[in-house]
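Here is the structure we will look at.
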Amino acid sequence: MFLKGKTAIVTGSTSGIGLAYAKELAAEGASVMINGFGDADEIEAERVALAEVSGAPALYSDTDMTDPAAIEAMVARCTEELGGADIAIANAGIQHVAPIDDFPPEKWDAIIAINLSSAWHLARLTVPAMKERGWGRIICTASAHSLVASPNKSAYVAAKHGIAGLVKTLALETAQHGITVNCISPGYVWTPLVEKQIPDTMQSRGMTREEVMNDVLLAAQPTKQFVTPEQVAAQALYLCRDEAASMTGANLVIDGGWTAQ
Ligand code: NAD
């Protein structure tokens with residue numbers, strides 16, 4: 001359990017990739033604060049399970065990542081109840097699929113706030129404690145869409161390219177403080193986020209569900225397999241190891257060969 005005594009905040013960790021990060025971190029003994037929305041009983045069951053696995057306290061925060069003041073309160077609560085975060089994972093994310101002339105401005109604002117600005121706030125608020133300790137890990141979930149684009153995803157692609165730039169900048173700023181800052185860029189991972197965009201893509205491209213899965217989603221992925229949340233979480237765990245101390249400012253691609261094309 002190499003993370004015993006360490007504290008981690010993972011945003012957007014009530015499902016999908018974020019929950020997989022939380023489970024991997026807890027399995028290595030970290031105290032974890034999870035965040036996101038969903039069924040209260042299911043979230044409480046996950047929280048209890050995380051505490052059991054880690055043997056350390058686990059907390060849940062329902063903070064909305066569109067609200068900077070609430071993010072500040074979330075980090076303050078983590079510091080008070082678990083200690084300052086040693087590991088901060090900015091993972092919360094949403095998607096909206098529509099052509100630019102039909103893209104609701106409020107969806108643009110929400111995607112930029114949740115997928116990009118909340119990562120900046122999380123880093124801003126957690127770096128001071130990391131600097132004090134001379135150790136820290138900031139990890140953002142970017143996407144293959146931090147490197148390449150797809151039509152009808154203007155806000156998402158802009159936010160994810162933004163994450164790739166943010167990570168490089170913060171890596172330079174923190175390089176001499178024992179802190180690493182990296183992003184992980186998965187291809188298509190089978191999670192509720194992907195499942196939810198199928199109906200919109202069916203509509204915007206006039207396709208059936210099977211056509212969207214095979215001709216749009218897996219068309220980009222040479223392996224013809226969805227990436228798993230566990231594969232992504234294993235990469236995050238590696239970044240927390242001392243062996244990864246020199247890996248900073250990197251964009252780690254786990255995309256079944258998508259961006260190799
Ligand atoms: P998901 O829908 O399973 O999880 C998203 C999480 O974010 C949930 O816990 C949800 O409650 C939370 N969330 C949503 N809005 C929030 C808000 N306003 N405030 C706080 N939490 C909020 O999706 P996922 O696929 O696990 O996505 C996680 C991250 O991985 C996202 O950043 C996404 O862009 C990225 N990603 C996903 C894929 C994929 O194919 N699934 C690929 C590349 C990158």
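Below, each value reflects all heavy atoms present in this structure, side chains not excepted, and no hydrogens, waters or symmetry copies. All ligand and atom numbering here is 1-based and tracks the order in the structure.
- Counting protein heavy atoms only, atom 29 (C) of ligand 1 is closest to N91 O, 3.1 Å.
- The heavy-atom pair separating I100 from S154 by the smallest distance is CD1-OG, 4.1 Å.
- The distance from ligand 1 to the heavy atoms of I94 drops below 4.0 Å at these ligand atoms: 14 (C), 15 (N).
- At the shortest separation from atom 23 (O) of ligand 1 among protein heavy atoms lies L193 CB, 3.1 Å.
- When only interatomic distances are considered, the shortest N/O to N/O separation between I17 and ligand 1 falls below 3.5 Å.
- The backbone N or O of V216 sits nowhere less than 3.5 Å from a side-chain atom of R205 that would complete a donor-acceptor pair.
- Looking only at protein heavy atoms, the nearest one to atom 13 (N) of ligand 1 is A92 CB, 4.3 Å.
- Taking atom 30 (O) of ligand 1 as the reference point, the nearest protein heavy-atom neighbour is T141 CG2, 3.2 Å.
- Applying the 4.0 Å criterion to heavy atoms of T63 picks out, from ligand 1, the atoms 19 (N), 20 (C).
- Atoms of ligand 1 lying under 4.0 Å from any heavy atom of G36, numbered from 1 in the order shown and given with element: 11 (O), 21 (N).
- Every atom of ligand 1 is numbered from 1 in the order shown, and the set under 4.0 Å from a heavy atom of G16 is 3 (O), 26 (O).
- Contacts between A142 and ligand 1 below 4.0 angstrom, taking non-hydrogen atoms only, involve the backbone exclusively.
- In terms of protein heavy-atom proximity, atom 8 (C) of ligand 1 is closest to T14 OG1, 3.7 Å.
- Annotation for L116 and G162: closest pair CD1-C, 3.6 Å, computed over non-hydrogen atoms.
- Taking only non-hydrogen atoms, the option from I254, T191, I114 nearest to atom 24 (P) of ligand 1 is T191.
- The closest approach between K160 and ligand 1 falls below 4.0 Å for a heavy atom of the residue.
- Closest of all the heavy-atom pairs between I184 and A236 is CD1-N, 3.6 Å.
- By the criterion of a heavy-atom distance under 4.0 Å, the backbone of S13, and not its side chain, is placed next to ligand 1.
- In terms of protein heavy atoms, atom 6 (C) of ligand 1 is closest to G12 O, 3.4 Å.
- Under a 4.0 Å criterion applied to the non-hydrogen atoms of D64, ligand 1 contributes the atoms 17 (C), 18 (N), 19 (N).
- For the residue pair A85 and I9, the shortest heavy atom distance occurs at CB-CG1, 3.9 Å.
- By the 4.0 Å heavy-atom criterion, P186 is counted among the residues contacting ligand 1.
- For R77 and E80, the salt-bridge test fails: no basic side-chain N is under 4.0 Å from an acidic carboxylate O.
- Counting only distance, with no hydrogens or angles, the side chain of D255 and the backbone of P186 share no donor-acceptor pair below 3.5 Å.
- Every heavy atom of W190 sits 4.0 Å or more from the atoms of ligand 1.
- Side-chain contact between H145 and W258 is present, with heavy atoms from C-beta onward closer than 4.5 Å.
- Side chain of T248 to main chain of V181: a donor-acceptor pair is present (N/O by atom type, distance under 3.5 Å, no hydrogens or angles).
- If you check which protein heavy atom lies closest to atom 4 (O) of ligand 1, you get S15 OG, 3.3 Å.
- Those atoms of ligand 1 with a heavy atom of N35 less than 4.0 angstrom away are 20 (C), 21 (N).
- Contact annotation: V227 has no heavy atom less than 4.0 Å from any atom of ligand 1.
- Counting heavy atoms only, Y156 comes closest to atom 34 (O) of ligand 1 of the residues F226, F37, Y156.
- A donor and an acceptor atom, one from each side chain of N251 and S185, are located under 3.5 Å apart.
- I43 approaches F37 most closely through the heavy-atom pair CD1-C, 3.9 Å.
- The nearest heavy-atom contact from the protein to atom 40 (O) of ligand 1 is V189 N, 2.7 Å.
- Taking the side chain as every heavy atom from C-beta outward, Y21 and V232 approach each other to under 4.5 Å.
- When every heavy atom of V167 is checked against every heavy atom of C140, the shortest pair comes out as CG2-SG, 3.9 Å.
- Atoms of ligand 1 lying under 4.0 Å from any heavy atom of V194, numbered from 1 in the order shown and given with element: 39 (C), 40 (O), 41 (N).
- Judged by distance alone, with hydrogens and angles left aside, the side-chain atoms of R137 form a donor-acceptor pair with the main-chain N or O of L239 at under 3.5 Å.
- Taking 4.0 Å as the cut-off, T11 does not count as a neighbour of ligand 1 on heavy-atom distance.
- If you check each of G93, G187, S143 against atom 38 (C) of ligand 1, the one with the closest non-hydrogen atom is G187.
- A heavy-atom distance below 4.5 Å is found between the side chains of I87 and L3.
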